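Below is one structure, written out as structure tokens; comments come after it.
This is a predicted model, so every value here is computed, not measured. The figures that follow rest on heavy atoms only: side chains count, while hydrogens, waters and symmetry mates do not. Chain identifiers are assigned alphabetically (A, B, ...) following the order of the sequence lines, protein sequences preceding nucleic acid strands; residue numbering begins at 1 within each chain.
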Number of protein chains: 2
Amino acid sequence: MGRNPAFSGPRYQDIAASLLRDIARGRYPVGRLLPTEVELCERFAASRHTVRDALRIVTEKGLLVRRRGTGSVVIATAPPNVFTHSVGSEEEWMRYPTGTFRETVNTAEIAADRKLAALLKCEPGKRWFRICSVRRSSRIPEPLGWTEIYVLPAYAGVVKRSDHGTTPVHRQVEKMFGESIDRAQLEIFASHIPAKLARPLRVAAGTPALTVVRRYTGLKSGMFEVTVTIHPENRYTYSMELRPQLHAKQL
Amino acid sequence: MGRNPAFSGPRYQDIAASLLRDIARGRYPVGRLLPTEVELCERFAASRHTVRDALRIVTEKGLLVRRRGTGSVVIATAPPNVFTHSVGSEEEWMRYPTGTFRETVNTAEIAADRKLAALLKCEPGKRWFRICSVRRSSRIPEPLGWTEIYVLPAYAGVVKRSDHGTTPVHRQVEKMFGESIDRAQLEIFASHIPAKLARPLRVAAGTPALTVVRRYTGLKSGMFEVTVTIHPENRYTYSMELRPQLHAKQL
DNA sequence: CTTCAGCATTTGTTCGGACATAGTTTAAGC
DNA sequence: GCTTAAACTATGTCCGAACAAATGCTGAAG
């Protein structure tokens with residue numbers, strides 16, 4: 001029991017691995033209490049500080065809940081998340097290579113008809129401020145896609161800002177109105193180029209396209225922005241990388 | 001300098017907040033070294049342990065890199081990760097609602113021609129074991145899409161397993177051959193239905209489609225599986241939700 | 001001038017101790 | 001018997017100290 005002779009790293013990592021193994025093997029089932037810190041100190045012949053470091057690792061993996069006076073409760077037998085995807089910046093999430101920009105075509109306040117309401121997942125008749133624009137790259141003459149941005153009418157002021165066109169709209173809303181994003185949702189599906197967009201996108205109507213819908217939900221005003229982008233074939237690829245959760249070996 | 005009288009929480013959180021503020025305000029620009037632990041102990045009149053707890057918080061937020069002998073280097077002025085996406089299971093990542101299954105049409109060992117090599121991001125001539133199949137749902141008669149799975153010829157044994165068709169192939173490879181996934185990459189772009197697939201997918205050739213490419217890279221044998229799926233319009237939507245990283249207030 | 005050994009610096013690991021705080025249990029008092 | 005206060009338990013916070021390990025610098029040897 002206790003020390004693993006094959007393991008040469010820090011003691012607290014050894015102890016954490018041992019606890020992880022015990023939990024995975026069912027020695028401490030979900031709902032059961034782990035031994036107290038002092039008991040673990042005795043079992044592993046380590047100081048309380050070292051044991052706490054080990055418990056911190058197990059807790060960060062999401063297998064424990066620890067409370068004063070109560071103890072450490074096992075809440076899972078294995079780390080729950082298999083893959084994670086972290087996005088560093090809005091640009092990265094938008095997946096638009098740097099050097100692209102939006103070119104506003106027109107703006108208007110509109111009411112959602114039934115079709116638009118379905119796309120935006122809002123009730124029909126809801127009023128939105130719509131910004132229609134073309135996304136371009138400095139490298140190629142054809143536009144990358146057609147973007148329709150719908151924001152709550154109260155937030156229409158964003159178009160007046162000077163950095164409009166280069167900064168993501170939801171960031172502008174965050175700064176100007178103190179909204180904070182609670183969650184963002186992404187949907188991607190196949191579509192075809194509508195007749196209206198054939199000319200601005202320089203592509204034949206009815207040809208294959210990729211539609212990307214992004215919905216931003218804030219804490220203050222709920223869903224405050226929806227972006228719909230239509231990309232003609234061969235002009236845009238959504239790409240993403242997932243990694244198994246490393247679970248914090250020290251870097 | 002030092003203690004913030006308005007803050008009543010633990011000392012290490014107070015110190016962490018102070019450091020965070022200093023970094024955000026540019027007192028320690030990116031690339032600069034933070035004061036050493038001992039210096040911070042003096043400035044905040046705290047023990048090294050407490051200061052280290054504070055530095056751990058700042059490090060976990062991704063603003064610092066710490067190395068023995070060197071010190072703590074500032075690598076960002078604000079937490080870099082804005083959104084995270086965690087995927088709990090393969091099914092969730094695949095985004096196929098439960099109740100769908102794969103129906104194998106044919107299998108063969110092939111060599112990648114130039115076009116396929118570009119899609120798979122491998123060298124032309126590389127040999128792959130290809131599994132062609134149709135993904136169906138029990139609810140609707142039309143297939144959801146056409147899937148071509150390419151695995152290394154050494155792993156061709158996966159098709160013989162009984163749970164083939166319901167279990168993701170990369171999971172089977174993990175179990176059967178002890179491969180462990182290092183990273184997974186996803187690409188989504190617009191395409192059109194090839195003439196060959198018009199009949200099996202029950203849709204007209206040339207109509208819009210969504211192509212999803214998934215690449216799995218393992219620790220042992222590098223990229224060991226690539227899956228290419230073609231979905232006709234209106235039969236499949238890729239959906240994902242991102243949330244702002246909570247940054248570990250204590251739970 | 002280059003190379004390498006040795007030293008100083010800085011963070012990493014581990015020990016031992018003390019008190020604070022939050023939950024739980026027990027016991028006293030009505 | 002119920003309510004409330006005290007005691008107990010377990011984790012949280014904080015201190016002081018020592019040594020280990022990685023890095024960078026300096027000076028001596030070739």
Side-chain angles (χ1 to χ4, degrees), chain A residues 2-19 23 28 31-75 246-251, chain B residues 2-19 23 28 31-75 248-251:
Chain A
R3 192 183 299 259
N4 173 4
F7 187 87
S8 61
R11 190 96 180 81
Y12 68 93
Q13 285 182 22
D14 184 17
I15 295 173
S18 175
L19 292 174
I23 293 172
Y28 306 112
R32 188 76 60 82
L33 285 169
L34 226 58
T36 68
E37 294 179 353
V38 177
E39 285 168 346
L40 291 173
C41 288
E42 289 168 10
R43 187 206 293 182
F44 292 107
S47 76
R48 186 161 163 240
H49 199 96
T50 304
V51 167
R52 280 180 63 80
D53 268 355
L55 287 169
R56 185 172 50 76
I57 290 178
V58 180
T59 304
E60 281 175 358
K61 282 186 195 296
L63 305 196
L64 289 181
V65 166
R66 285 158 62 68
R67 280 197 310 271
R68 289 171 176 170
T70 308
S72 305
V73 185
V74 179
I75 57 172
L246 302 155
H247 279 131
K249 304 274 172 184
Q250 61 280 26
L251 302 171
Chain B
R3 192 182 300 257
N4 173 3
F7 187 88
S8 62
R11 191 93 181 84
Y12 68 94
Q13 286 181 21
D14 184 17
I15 296 173
S18 174
L19 292 173
I23 292 173
Y28 307 111
R32 189 75 58 83
L33 285 168
L34 226 59
T36 66
E37 294 180 353
V38 177
E39 284 168 348
L40 291 173
C41 289
E42 290 168 7
R43 186 206 293 183
F44 292 107
S47 76
R48 186 161 165 241
H49 201 98
T50 304
V51 167
R52 280 180 62 81
D53 268 354
L55 288 170
R56 184 171 51 75
I57 291 176
V58 181
T59 304
E60 279 175 359
K61 283 189 194 294
L63 304 197
L64 289 180
V65 166
R66 286 159 60 70
R67 280 197 311 272
R68 289 173 175 168
T70 308
S72 305
V73 184
V74 178
I75 57 174
K249 304 277 170 183
Q250 57 281 20
L251 301 172

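In this structure, Leu40(B) CG and Ile15(B) CD1 are separated by 8.0 Å, a value rounded to the nearest 0.5 Å.
Here the C1' atom of nucleotide dT10(C) and the CG atom of Leu34(B) are 13 Å apart, to the nearest Å. Protein atom CZ of Arg67(B) is 19 Å distant from nucleotide atom P of dT9(C), rounded to whole Å.
Considering only side-chain atoms of Arg52(B), the nucleotide from dT10(C), dT24(C), dT13(C) that sits closest is dT13(C). Comparing dT11(D), dC14(D), dT23(D) by their closest approach to the side chain of Arg66(A) singles out dT11(D).
Take Arg67(B) and apply the side chain to side chain contact (heavy atoms under 4.5 Å, CB included) test, not counting sequence neighbours, and it matches Val65(B), Thr70(B).
In the model, Arg11(B) has no side-chain atom that pairs as donor or acceptor with a side-chain atom of Thr50(B) under 3.5 Å.
The salt bridge (Lys or Arg N to Asp or Glu O under 4.0 Å) contacts involving residues 50-59 of chain B comprise Glu37(B)-Arg52(B), Asp53(B)-Arg56(B), Arg56(B)-Glu60(B), where partners must be two or more places apart or lie in separate chains.
The closest side-chain heavy-atom distance from Val74(B) to Leu63(B) is not below 4.5 Å.
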Mark up nucleotides 15-22 of chain C, 5' to 3', with B wherever a protein heavy atom is under 4.0 angstrom from a base atom, S wherever such an atom reaches only the sugar-phosphate, and - elsewhere. B--B--BB
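A donor-acceptor pair under 3.5 Å is formed between the side chain of Thr59(B) and the backbone N or O of Leu55(B).
Phosphate proximity of dT13(C) to Tyr12(A): present, with a side-chain N or O under 4.0 Å from OP1 or OP2.
Comparing Asp53(A) and Ser72(B) against DNA chain C, the residue whose closest nucleotide sits nearer the 5' end is Ser72(B).
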